[in-house]
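Here the structure is laid out as structure tokens; the discussion comes afterwards.
Throughout, a chain's letter reflects where its sequence line sits, starting with A, and its residues are numbered from 1. The basis for the numbers below is simple: all heavy atoms, side chains too, and nothing from hydrogens, waters or symmetry mates.
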Amino acid sequence: MLMEILRKEGERQVKRRTSPDEDSGSESEEERLKDQREKDELVQHMKERDAAGTRKLTEQKLTRKEEEEAVRRSNAAEQDDIHSLRKFSRQEYLKKREEKKLEELRDDIEDEQYLFEGVKLSEVEQRDLRHKKELYELIKKRSEEADNVNEYRMPDAYDQEGGVNQEKRFSVAMQRYRDTHAEEKMNPFAEQEAWEEHQIGKATLKYGSKNKKQASDDYQYVFEDQIDFIKASVMDGDKFDYDEMEDSIEKSKAKSASEALQAERKKLPIYAYRDELLKAVEKYQVLVIVGETGSGKTTQIPQYLHEAGYTKHGMIACTQPRRVAAMSVSARVAQELGVKLGHEVGYSIRFEDCTSDKTILKYMTDGMLLREFLGEPDLASYSVVMVDEAHERTLSTDILFGLVKDISRFRPDLKLLISSATLDAEKFSDYFDSAPIFKIPGRRYPVEIHFTKAPEADYLDAAIVTSLQIHVTQPPGDILIFLTGQEEIETAEEILKHRTRGLGTKIAELIICPIYANLPTELQAKIFEPTPEGARKVVLATNIAETSLTIDGIKYVIDPGFVKMKSYNPKTGMESLLVSPISKASAMQRAGRSGRTGPGKCFRLYTAYNYQNDLDDNTVPEIQRTNLANVVLTLKSLGIHDLLHFDFMDPPPAEALLKALELLFALSALNKLGELTKVGRRMAEFPVDPMLSKMIVVSEKYKCSEDIISIAAMLSIGNSIFYRPKDKQVHADNARLNFHTGNVGDHIALLKVYNSWKETNYSTQWCYENYIQVRSMKRARDIRDQLAGLLERVEIELTTNSSDLDAIKKSITSGFFPHSAKLQKNGSYRTVKHAQTVHIHPSSGLAQVLPRWAVYHELVLTTKEYMRQITELKPEWLVEIAPHYYQLKDVEDTSSKKMPRGEGRA
DNA sequence: GAGCACTGC
């Protein structure tokens, strides 16, 4: 069947190539040449102006196409290795680093002389040497008095008395060395590591730090975790008169509010380019805009276009990757134009459409515009589409690119503006048929970038030490540390508290603020409270602080260089969340977070050599590392059939597309020709994953749509329903087990949670008592309401059938039958279709029950391959529900004689 | 008996 789909895809491609477009070929060619001439003229003109130092508008070369193609091909090849080579788990990483540290330690021991040179300080830091020395001794002493527990990855017996005790340190190190090498005898990697050392040495030398010996002559090794940084570069701020800026803001306060707003608008860097920009928009259909942070592009460009009359023939859409951005920017613009939000200026996000008939400037999330495509495939009501923050490459923006590029061909009146960061501009330009690039400078403060001199074995410890180092040596200003997840943040918080405890007035107060998305809202508010005079704030954040939220007052950024990233293996259909090194683009973005309100400093816990050689330039776009089932369904329902040749900017792996087609076919959303079926059309109405939407559509048959949409809503919020604070884990677990009485399975348990919450009239108190996140539940309610509305639209009656759990389970199975698994003798499971060994996730209510057959919501790879959210299944259902997918032999209970029911590992 | 970054529809 799949082959049939593929063959069809291929045929379409052939058809397309020889389609009637040929006729218009020569005409459009002529136009293109004319266009080219005009571009050339403009470029010449621009170049002249550029020389005068006023503005930059550059033309793109066409010659890069081939190069680009080669890169694409190699990217595709790399995809195969993505799970094995490029990403590696944190454990492996730490282990490797640990070995490296051991190696270093051995060198230490063999060459005692080295110990006395151990402290290497950059010249900048020499001044503060004495001051630091005192404070480090103090911190060291106090922190060890405070911890009689095992320090995080600290050897047991370092310098117990608080003073410097080289002898003891030496013996501990020696002991560690012996312990490890007793078994190993020798290190087979020594040679490789020596070579690496050498290479790293070469790299660090470039940045100079001669005379280090002088620096350490009068310095004792007091704080062995001291980290040395090298100031490698300064990320330039823009040439901008800050005094003038503040001055003008000051002056504008005196005027009336609206005058002040207008005056401020004129002070934005973009204002000087207004006329040039409008000219360029008039001349070209597609324009790539490079507007740096603070240039005012998001708020101003739509206004300029409105003033120039583009709104006479349709709305101006401006897409944002995030809801908050769409809301806040539109509010600002409404204020500047002096209109009420929701009238001329509005925003449209999921659950909230704040627009009206009058609306001409519409800010929206990118996913929302994508949804609008479904109802209006040519975007007829828009005259301009501006894709903002395009460099973030969200799944939705990537699809939007292909779609808007396509419609721009037959809608010459539609203007496209793509706004991106500097680095990607050329790529965007190439993709949009060499669209001109328009550059607007921003307002940024310079950021000093420091690298470590040597790789750090334990980045968490290094980050903590660095933050303390900053705290005692650097002028006031808050610190932002990027960590990978909740657990790590909690650990870091504990260690920091230990180390600063009891220091009293000896050092300034250190306020520790954790922040991650799953943190309850009331605790999140803490990071926005202004830092009291004399104190310093340390923000421990996940990637959320990289783009999603901005914290004022951050002056120092500590970047260990890791992030938790989702990747998808199309071969097995398994998603995994792995700690991976960040990209250079990401590192720059992180560094930039310190320069928002004044000059900043960024401390990277890796070497300049690592940065140059080990980090990718850009993060792999989401479209290349995700399950595409939803994307494929959306595109198919937009009438785009030839997916293998859809004009993606970075095409996803073909395997992932095929996997998605295969799944949609199995769900009967596509027929064997790869065409959308009636079921598929209905499924596409629901903004959830295809398996969930199939489950919803099928619930009509089993008369349990009310229950199913509750389950679907709960499943689509994912993992943040149950709150599990570190100190009350037992209570939280018990509370959760209450919903599992009768071993009904996780899906039904979720339904119970939702219904119980509803019965308490959506009580917040109830949530606290049951360790459930209120925020997630409210979200589930919103999603459920939306799904209920959509059910009406596809004419499915709302019915409930709570007493018949089998009906509900059958609906679930109808959506999730490809995710079925059978118990093995050893207590593990094997997936029915792919014979893959998997396990029940311990958080499941059925973890102890071990049903013979199970259907699961998703597979995640952590320490093992786990099924999350599972429900028991009767094997005959599989054949009944999906006869095209399972045959009797698949579900024949071969093991039934060997292992009767209930004999599982009890 | 384990542990989940961030968005978005």
Side-chain angles (χ1 to χ4, degrees), chain A residues 90 319-326 348-353 364-374 389 392-400 482-491 515-519 541-549 562-567 575-580 582 586 589 619 622-623 625-626 630-631 633-634 637 684-690 692-693 713 716-726 729 732-733 776 779 782-783 786-787 790 827 839-844 846-848 850 858-869 905:
Chain A
R90 187 179 150 199
T319 72
Q320 296 291 323
R322 277 168 295 280
R323 298 159 52 95
V324 193
S348 174
I349 56 179
R350 190 183 188 182
F351 312 130
E352 226 182 314
D353 185 3
M364 62 215 298
T365 45
D366 44 17
M368 206 63 198
L369 186 62
L370 201 56
R371 281 271 139 192
E372 289 198 3
F373 259 101
L374 288 174
E389 313 285 356
E392 286 192 28
R393 305 294 306 276
T394 65
L395 193 56
S396 305
T397 29
D398 266 19
I399 302 162
L400 276 180
F482 282 100
L483 298 171
T484 61
Q486 177 176 349
E487 200 189 354
E488 205 168 272
I489 288 174
E490 281 168 357
T491 315
I515 177 89
Y516 44 88
N518 274 349
L519 191 73
T542 59
N543 231 19
I544 195 172
E546 198 177 294
T547 49
S548 304
L549 56 86
F562 288 93
V563 69
K564 234 174 219 165
M565 196 159 48
K566 196 170 78 179
S567 55
E575 294 189 328
S576 43
L577 207 51
L578 296 177
V579 173
S580 334
I582 57 171
S586 200
Q589 174 71 18
T619 309
E622 195 184 356
I623 199 160
R625 49 183 174 87
T626 194
N630 208 5
V631 173
L633 184 61
T634 309
S637 61
E685 290 288 327
F686 298 93
V688 291
D689 278 341
L692 285 172
S693 56
S716 50
I717 353 178
N719 50 23
S720 54
I721 296 169
F722 296 100
Y723 177 56
R724 205 163 175 252
K726 238 183 175 174
Q729 289 182 351
D733 287 348
S776 303
R779 212 180 128 69
D782 285 339
I783 296 174
Q786 191 190 27
L787 293 176
L790 291 167
H839 306 263
I840 297 189
H841 196 278
S843 69
S844 165
L846 297 179
Q848 309 300 321
L850 297 174
E858 62 181 350
L859 221 49
V860 287
L861 174 71
T862 48
T863 49
K864 280 183 193 165
E865 290 163 344
Y866 284 111
M867 304 182 280
R868 272 219 324 244
Q869 315 288 23
R905 208 184 48 180

Could you say whether A:R322 or A:L577 is positioned toward the 5' end of DNA chain B, judged by the nucleotide with the nearest heavy atom to each? A:L577
Basic-acidic side-chain contact under 4.0 Å: A:E488, A:K564: no
Look at all strands and tell whether A:T542 reaches a base, only sugar-phosphate, or nothing, counting heavy atoms closer than 4.0 Å. sugar-phosphate
Quick one: does A:T547's side chain get under 4.5 Å of A:E389's, heavy atoms only? no
Base, sugar-phosphate, or nothing: which does A:T365 touch, judged by heavy atoms less than 4.0 Å apart? sugar-phosphate
Within the 4.5 Å heavy-atom criterion, are A:P687 and A:L790 side-chain neighbours or not? yes
Here the distance between atom P of B:dT7 and atom CE of A:M368, to the nearest Å, is 19 Å
Note, A:S776 side chain near A:F722 side chain (heavy atom, < 4.5 Å): no
Spacing of A:L861 atom CG relative to B:dA2 atom C1', expressed in whole Å: 13 Å
At 4.0 Å (heavy atoms only), tell me whether A:L395 reaches a base, stays on the sugar-phosphate, or touches nothing. nothing
Categorize A:F686 for me: base, sugar-phosphate, or nothing, with a 4.0 angstrom heavy-atom threshold over every strand shown. nothing
Expressed as a whole number of angstroms, how long is the span from A:M364:CE to B:dC9:P? 10 Å
Please state how far atom CD in A:Q848 lies from atom C1' in B:dA2, giving the value in whole angstrom units. 12 Å
Could you give the CD-to-C1' distance, from A:E622 to B:dC6, as a whole number of Å? 9 Å
A:L549 CG to B:dT7 P: how many Å, rounded? 8 Å
Does B:dC9 have its OP1 or OP2 closer than 4.0 Å to a side-chain nitrogen or oxygen of A:R323? yes
Winner on side-chain proximity to A:P842, out of B:dG1, B:dC9, B:dT7, is B:dG1
Take the protein atom CD1 of A:I544 and the nucleotide atom C1' of B:dA5, then report the distance between them rounded to whole Å. 10 Å
Considering every strand and a 4.0 Å limit on heavy-atom distances, what is the contact class for A:Q486: base, sugar-phosphate, or nothing? sugar-phosphate
To the nearest angstrom, how far is A:E372 atom CD from B:dC9 atom C1'? 12 Å
Side chain of A:R371 (C-beta onward), nearest among B:dA2, B:dC9, B:dA5: B:dC9
State, yes or no, whether a side-chain contact exists between A:S637 and A:L374 at a heavy-atom distance under 4.5 Å. yes
